[in-house]
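Report on the following structure.
The chain is numbered in sequence order, starting from 1. Computation of the quantities below employed the complete heavy-atom set of this structure, encompassing side-chain atoms and omitting hydrogens, waters and symmetry-equivalent molecules. Order of listing sets the numbers, starting from 1, for every ligand and every atom in it.
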Amino acid sequence: MNIIPAQVGAPLDEVDTPALIVDLDAFEHNVRSMATFARSAGVRLRPHAKTHKCPTIALRQIAAGAVGQCCQKVGEAEALVRGGVRDVLVSNEVVGMAKLRRLAALGAEATIGLCFDAVEQVEAASRAATEFGVTIGGLVEIEVGMQRCGVAPGTPASDLARRIADAPGLEFRGLQAYHGTAQHLAGVEARERAIASAADAVRETLAAISGAGLECGIVAGAGTGTFRIEGESGLWNELQSGSYVFMDTEYARIGGAGSERYTEFQHSLFVLSTVMSVPMRERAIVDAGLKSYSAEKGLPWVHGRDDVEVVGVSDEHGKLKLGPRAAPLGLGDKVLLIPGHCDPTVNLHDWYVAVRQGRVEALWPITARGASS
Ligand SMILES: Cc1ncc(COP(=O)(O)O)c(C=O)c1O
């Protein structure tokens with residue numbers, strides 16, 4: 001674990017770097033605006049904790065109207081329940097009795113849900129739930145276009161739903177229909193087309209489930225790129241968006257209605273870095289590299305400085321190129337970087353430094369950081 005990078009009350013300039021900064025005004029705007037959308041669309045909001053990995057943020061989302069959280073790993077579910085979250089869906093498949101027992105153990109303290117795409121997973125989860133005397137809610141994950149996990153829509157999905165409904169310790173709750181690759185398609189029309197095709201798969205499956213005499217209470221899915229489309233579809237009734245709380249450059253680049261940038265939400269997550277070397281006027285090196293942000297979806301942007309570009313990264317260094325008329329950067333100057341991809345960037349840090357108008361207001365531990373099992 002790294003040392004705590006700041007004291008509450010300190011100005012941003014005194015925060016030790018590299019540090020993960022949350023701008024509270026932008027963050028609260030994002031939390032509020034997604035909750036307002038869900039309320040007005042008449043759907044439930046269960047934000048994804050794979051983005052923030054932090055019970056403090058989860059509880060803020062719940063206070064704003066979310067019904068609970070989803071996560072991808074049992075370790076994330078453990079951190080959320082330990083931090084006071086009482087309704088957690090693992091929106092993913094879990095294989096192996098050790099993990100399933102850990103998940104079932106959480107059922108004594110919280111409402112727990114889990115996704116399935118194979119009968120063997122259902123049988124194993126049923127054994128774990130029965131051992132612990134708890135009920136685990138089951139969602140059948142269907143393939144809706146991203147070609148990751150998920151059974152085929154229609155009868156294969158309703159057959160699996162029947163197996164869940166009949167399994168001791170499990171309760172069939174609904175469908176998981178998340179189209180991940182649709183989230184980052186450039187342009188609103190491309191995203192609409194992808195979700196229209198996912199909707200056909202959902203419709204076919206709902207008909208098959210109803211034909212099997214089962215009730216499908218939940219149709220879950222959606223991310224930050226398509227939440228409006230699923231939310232207004234009349235089919236999905238539980239939204240799982242995660243990145244909206246922070247935004248990153250990958251999302252900014254997908255474009256919005258009539259605009260090159262996706263501006264539904266504000267950038268609220270930054271990596272604060274310090275200029276540690278200025279070998280020449282047009283080049284500055286900051287002390288934050290791959291140990292402080294991920295770069296697999298692109299290099300960070302420099303916040304508030306269109307005339308400065310991140311042009312290279314190595315483990316401990318970020319290389320900045322200054323435009324010809326850019327104000328010079330000097331040793332010790334602080335630079336805020338907007339990460340390319342928020343989730344893996346968060347996974348590199350132990351603390352959020354929550355800042356309002358240039359002053360540290362709180363420090364939030366990222367307790368689900370590194371929860372890979
Ligand atoms: C199953 C599932 N639901 C929801 C999300 C949230 O997506 P986003 O962070 O793009 O809003 C993800 C992200 O990978 C996911 O895997």
Side-chain angles (χ1 to χ4, degrees), residues 27 30-31 33-35 37-38 43-54 57-58 61 66-74 76-77 80 88-94 113-117 138-151 173-186 190-191 194-195 198 201-202 218-231 236-256 262 264-269 294 296-298 339-347 368 371-372:
F27 163 83
N30 294 346
V31 168
S33 87
M34 182 63 88
F37 169 78
V43 297
R44 289 148 55 95
L45 173 63
R46 181 186 290 282
H48 219 299
K50 79 192 281 296
T51 301
H52 56 69
K53 309 174 202 318
C54 171
I57 292 181
Q61 291 172 315
V67 296
Q69 292 278 296
C70 46
C71 62
Q72 298 291 77
K73 296 289 186 171
V74 174
E76 292 173 339
L80 290 169
V88 178
L89 166 69
V90 179
S91 58
N92 200 4
E93 284 70 18
V94 171
L114 176 61
C115 289
F116 298 99
D117 68 0
L139 266 61
V140 172
E141 176 160 18
I142 58 169
E143 157 60 21
V144 292
M146 88 177 287
Q147 300 181 349
R148 191 170 65 183
C149 306
V151 284
R173 293 201 182 131
L175 291 182
Q176 169 75 13
Y178 173 68
H179 193 332
T181 43
Q183 302 310 314
H184 293 98
L185 291 176
R191 298 197 288 277
I195 299 304
V202 170
I218 296 173
V219 179
T224 298
T226 66
F227 71 98
R228 272 187 196 283
I229 313 171
E230 284 97 333
W236 280 266
N237 59 15
E238 195 166 289
L239 306 181
Q240 299 181 334
S241 311
S243 303
Y244 76 95
V245 281
F246 294 148
M247 293 298 287
D248 50 31
T249 69
E250 191 191 16
Y251 260 126
R253 286 193 306 262
I254 68 171
Y262 188 58
E264 291 266 9
F265 304 99
Q266 301 174 2
H267 290 291
S268 70
L269 186 80
S294 82
E296 93 289 2
K297 301 288 173 151
H341 190 186
C342 49
D343 308 22
T345 295
V346 167
N347 204 40
S372 59

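Taking a 4.0 Å cut-off on heavy atoms, Tyr251 registers as neighbouring ligand 1. Ligand 1 lies within reach of Tyr178, whose nearest heavy atom is under 4.0 Å from it. Not a single heavy atom of Arg46 lies less than 4.0 angstrom from ligand 1. Ligand 1 is never approached by His184 to a heavy-atom distance shorter than 4.0 Å.
Per-residue contacts place Thr224 under 4.0 angstrom from the following atoms of ligand 1 (heavy atoms of the residue considered): 8 (P), 10 (O), 11 (O). Using a 4.0 Å cut-off to heavy atoms of Lys50, the atoms of ligand 1 that qualify are 12 (C), 13 (C), 14 (O). Near Gln176, meaning under 4.0 Å from one of its heavy atoms, ligand 1 places the atoms 1 (C). Heavy-atom proximity to Gly223, at under 4.0 Å, picks out these atoms of ligand 1: 7 (O), 11 (O). Close contacts between ligand 1 and Ser91 involve ligand atoms 1 (C) [criterion: under 4.0 Å to a heavy atom]. Listed by number with element, the atoms of ligand 1 under 4.0 Å from a non-hydrogen atom of Gln72 are 1 (C), 16 (O).
For the pair Tyr251/Glu264, no side-chain contact is recorded, criterion being any heavy-atom separation below 4.5 Å from C-beta on. For the pair Cys70 and Val90, the minimum side-chain heavy-atom distance is 4.5 Å or more. Side-chain contact between Val346 and His52 is absent, with no heavy-atom pair separated by less than 4.5 Å. Between Gln240 and Leu89 the shortest side-chain heavy-atom distance falls below 4.5 Å. A 4.5 Å side-chain heavy-atom check between Val202 and Ile142 finds at least one atom pair inside the cut-off. By the 4.5 Å heavy-atom criterion applied to side chains, Ile218 and Asn237 are counted as neighbours.
Within the model, atoms CD of Gln183 and OH of Tyr262 stand 8.0 Å from one another, a figure rounded to the nearest 0.5 Å.
For the pair Ala222 and ligand 1, the shortest N or O to N or O distance does not fall below 3.5 Å. Annotation: Gln183 places no N or O atom under 3.5 Å from an N or O atom of ligand 1; distance criterion only.
Nearest protein heavy-atom contact of atom 8 (P) of ligand 1 is Ser243 OG, 3.5 Å. Closest to atom 6 (C) of ligand 1 among all protein heavy atoms lies Gln240 O, 3.5 Å.
Taking the ring centroids of Phe227 and Phe37, they lie under the 6.0 Å cut-off.
Scanning for side-chain hydrogen bond (donor to acceptor under 3.5 Å, both in side chains) contacts around Arg46 gives Asp87, Glu238, with sequence neighbours left out.
Considering all non-hydrogen atoms of both residues, Arg191 and Leu185 come closest at NH1-O, 2.7 Å.
Counting heavy atoms under 4.0 Å from ligand 1, residue His52 does not touch it at all.
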